[in-house]
Amino acid sequence: MKWNTLKYLFKEGIVGLWRNRTMAFASAGTIVLCLLILGMSYSVGTNIDYMIEQIESKFGITAYLEDGLSDTAILGLKNKIEAMPNVAGVSYISKDDALKNFSEENEDASLFAMFKEDNPLPASFEITAIDIKNQSELVKKVQELEGIDEAVYLKNETEAFINIRNTVNYVCYAIIICLIVVGLLLMSNTIKLTVYIRKREINIMKYVGATDGFIRVPFLIEGMLVGLIGALVAILAVASAYNWVQGMSQSATGILGEIALMPTATIMTSLIPMYLSLGIGIGLIGSAFAIHKHLKV
C-alpha cells in the first residue's frame, strides 16, 4: 500500500471519528470505565504485595541466642544464617541494645540503668526473609542451629497476609480477564452500530471496486483512536485518584501509618503501557470483528 493511500485512509479514519463523535464518545467512555476498574484492581493487588514486603522487612524472624556465647561463636552463627537460602539480611542485637530498645519503647530511660548489671533480655538476630512464604521453613532451620535458644516470627499475621494476597490476586486476574472480554464486546457492538449507519457508504465503495482492506483500514484507525483516547483519560483519572489516596494514607496513625503505599510513579510506570496497549488493542480488535461481519454485501 502506497504512502499517499495510507495518509488518505488515516485522514478518513480521523474524519469518520469526528463525524461519528457521539458513538465514539460512548465507546471511549466504555473503555475508560473498564480501564478504571482494571486499574483499581491492579493497584489494590500490587499494594497488598508491597505492604506484605514492608511488613516482612519490619517484622521478620527473631532468633534469641543462648547466654554465654563468645563473640566468635556469635559471628559464626551469623555467617551460617546469612548463608541459608531465602535470607535477605541478618542484624545482631546485643543484650545491651535489647535493653536500650526496651527502655525507649516504654519511654523510661531509668529501666536501662536499673537492669544494666542484671540484664534479663537475651541477645538476638533479626532476620529478614527474601520471600515471606518461606519464613516457617527458615525458622525451623535457624532453630536447629547450636547456640540458638528460640526463633520466632509473626506466624498468624504472616499467614493471614499471604491468604489475603493470594485471594486478591485471583480476584484481580478474574476481573482483568472479564473486563477485557466485556470491553471487546462493547466496543464491537458500538462499532457494529457505526458500521450499520454507514452501511450504504460501504456498499457503494464495494460496488465501485474498493477492496476490503481499503474499506477496513479507516474503521480500524477509528477504533485505535477511540481506544487511545479512552486510555489517556483513564491514565489521568487513575493518577489523580491514586495521588489523593496516597496522600490520605500518609496521614494514617498507628502501625499502618508506617506502612506506605507504592509511589504513584511506580504504579503508573506499569499502568501506562498496560492502559495504552489494552485501550488501543480493544479498539483495534473490536473494530476488526465488527467490520469483518459487515463487509459482505
Side-chain angles (χ1 to χ4, degrees), residues 46-169 249-263 266:
T46 302
N47 273 289
I48 286 178
D49 279 341
Y50 189 64
M51 290 169 68
I52 288 176
E53 290 177 3
Q54 293 176 77
I55 290 173
E56 178 181 358
S57 64
K58 291 176 180 293
F59 309 104
I61 299 167
T62 301
Y64 296 106
L65 307 183
E66 295 176 353
D67 287 335
L69 292 179
S70 64
D71 292 342
T72 303
I74 292 172
L75 180 60
L77 277 173
K78 186 173 184 289
N79 292 336
K80 288 180 181 179
I81 296 173
E82 288 175 336
M84 290 181 176
N86 196 43
V87 173
V90 180
S91 59
Y92 173 64
I93 308 296
S94 67
K95 291 173 66 70
D96 285 345
D97 290 336
L99 185 56
K100 287 179 182 177
N101 294 337
F102 180 76
S103 300
E104 292 174 358
E105 289 172 3
N106 287 273
E107 299 180 353
D108 188 352
S110 64
L111 290 174
F112 181 77
M114 187 183 303
F115 293 101
K116 184 177 180 180
E117 300 302 326
D118 187 21
N119 188 349
L121 300 179
S124 63
F125 289 127
E126 294 295 331
I127 306 167
T128 303
I130 295 174
D131 190 341
I132 194 172
K133 293 186 295 185
N134 300 322
Q135 274 193 341
S136 59
E137 297 176 8
L138 183 56
V139 167
K140 292 178 182 178
K141 292 180 180 179
V142 172
Q143 187 74 60
E144 294 171 354
L145 294 175
E146 186 177 349
I148 298 296
D149 182 48
E150 184 183 15
V152 297
Y153 75 111
L154 298 176
K155 181 179 179 180
N156 294 334
E157 290 82 353
T158 299
E159 291 177 352
F161 271 99
I162 290 174
N163 290 334
I164 292 173
R165 177 178 63 181
N166 292 337
T167 301
V168 170
N169 283 341
S249 70
Q250 291 174 353
S251 62
T253 57
I255 188 172
L256 291 179
E258 300 176 3
I259 301 175
L261 295 179
M262 185 171 285
T266 305

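Side-chain atoms of K141 and P85, non-hydrogen and from C-beta on, do get closer than 4.5 Å to each other. N86 is not listed as a side-chain neighbour of E137, based on a closest heavy-atom distance of 4.5 Å or more. Using a 4.5 Å cut-off on side-chain heavy atoms (C-beta onward), E126 and V90 make no contact. Under the 4.5 Å side-chain criterion, counting only non-hydrogen atoms from C-beta, L138 is in contact with I127.
Here Y153 contributes atom OH and T62 contributes atom OG1; the two are 12.5 Å apart, rounded to the nearest 0.5 Å. Atoms CD1 and OG, from I61 and S124 in turn, are 12.5 Å apart once rounded to the nearest 0.5 Å.
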In a table with atom names and distances, give each donor-acceptor pair under 3.5 Å that connects a side chain of residues 69-83 to protein atoms at least two apart or in another chain.
residue	atom	partner	partner atom	Å
S70	OG	A73	N	3.2
K78	NZ	E82	OE2	2.7
N79	ND2	L75	O	3.3

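Taking all atoms of both residues into account, the shortest heavy-atom contact from A151 to V139 is O-CG1, 3.6 Å. Contact between I148 and A63 at its shortest, heavy atoms only, is CD1-CB, 4.2 Å. Annotation for Q143 and E150: closest pair NE2-CA, 3.5 Å, computed over non-hydrogen atoms. Summarising the geometry of L65 relative to P122, their closest heavy-atom pair is O-CB, 4.0 Å, with the distance given to 0.1 Å. Taking all atoms of both residues into account, the shortest heavy-atom contact from M262 to N47 is N-OD1, 2.8 Å.
Side-chain atoms of K95 do not come within 3.5 Å of backbone N or O of A123 as any donor-acceptor pair.
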